Amino acid sequence: MSIGRDKSAWFVNKAKRKVSGVCAGFAAFYEQPIWLVRAVVVLLAFCFPVAVVVAYIAAALILPERWVY
């Protein structure tokens, strides 16, 4: 296991954030492009706006912060 690449839990990626780093953290965890995760979140926000906003804020406040480049 390499340093800074612990795959045991979700996290907020502060190194590549636009707002709070939630999408960047999920992208790093699932090894997907950041733009794809952000696009999915935007699409879900059109369908379920309240749920997405509440989940995003909760994730930003609860998940641990990491600096993954």
Side-chain angles (χ1 to χ4, degrees):
M1 177 170 52
S2 64
I3 297 173
R5 294 286 185 185
D6 182 22
K7 294 291 190 175
S8 63
W10 288 338
F11 59 92
V12 173
N13 187 352
K14 292 293 187 178
K16 296 184 179 180
R17 67 182 179 174
K18 289 289 183 186
V19 177
S20 67
V22 174
C23 292
F26 276 98
F29 180 80
Y30 290 112
E31 297 178 352
Q32 298 297 319
I34 297 171
W35 66 267
L36 180 63
V37 176
R38 289 178 180 148
V40 168
V41 170
V42 169
L43 290 175
L44 286 173
F46 282 115
C47 297
F48 311 103
V50 175
V52 170
V53 169
V54 169
Y56 192 92
I57 292 171
L61 294 174
I62 294 171
L63 294 177
E65 298 176 359
R66 294 190 190 157
W67 291 83
V68 178
Y69 295 96

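Remember, it's a predicted structure, so these values are computed and weren't measured experimentally.
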According to a hydrophobic-cluster definition based on side-chain heavy atoms being under 4.5 Å apart (Ile, Leu, Val, Met, Phe, Trp, Tyr only), do [X] and [Y] belong together?
X	Y	result
Val53	Phe48	no
Val19	Leu63	yes
Tyr30	Val22	yes
Val40	Val52	yes

If you take all heavy atoms of [X] and [Y], which pair is closest and at what distance?
X	Y	result
Val41	Cys23	CG2-SG, 3.7 Å
Ala24	Lys16	CB-O, 3.5 Å
Arg66	Phe11	NH1-CD2, 3.4 Å
Phe26	Val37	CB-CG1, 4.2 Å

Working to the nearest 0.5 angstrom, can you tell me the gap between Ser20 OG and Glu65 CD?
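Between Ser20 OG and Glu65 CD, I get 9.0 Å after rounding to 0.5 Å.
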Would you call the rings of Phe29 and Trp10 parallel, tilted or perpendicular if under 30° counts as parallel and over 60° as perpendicular?
perpendicular
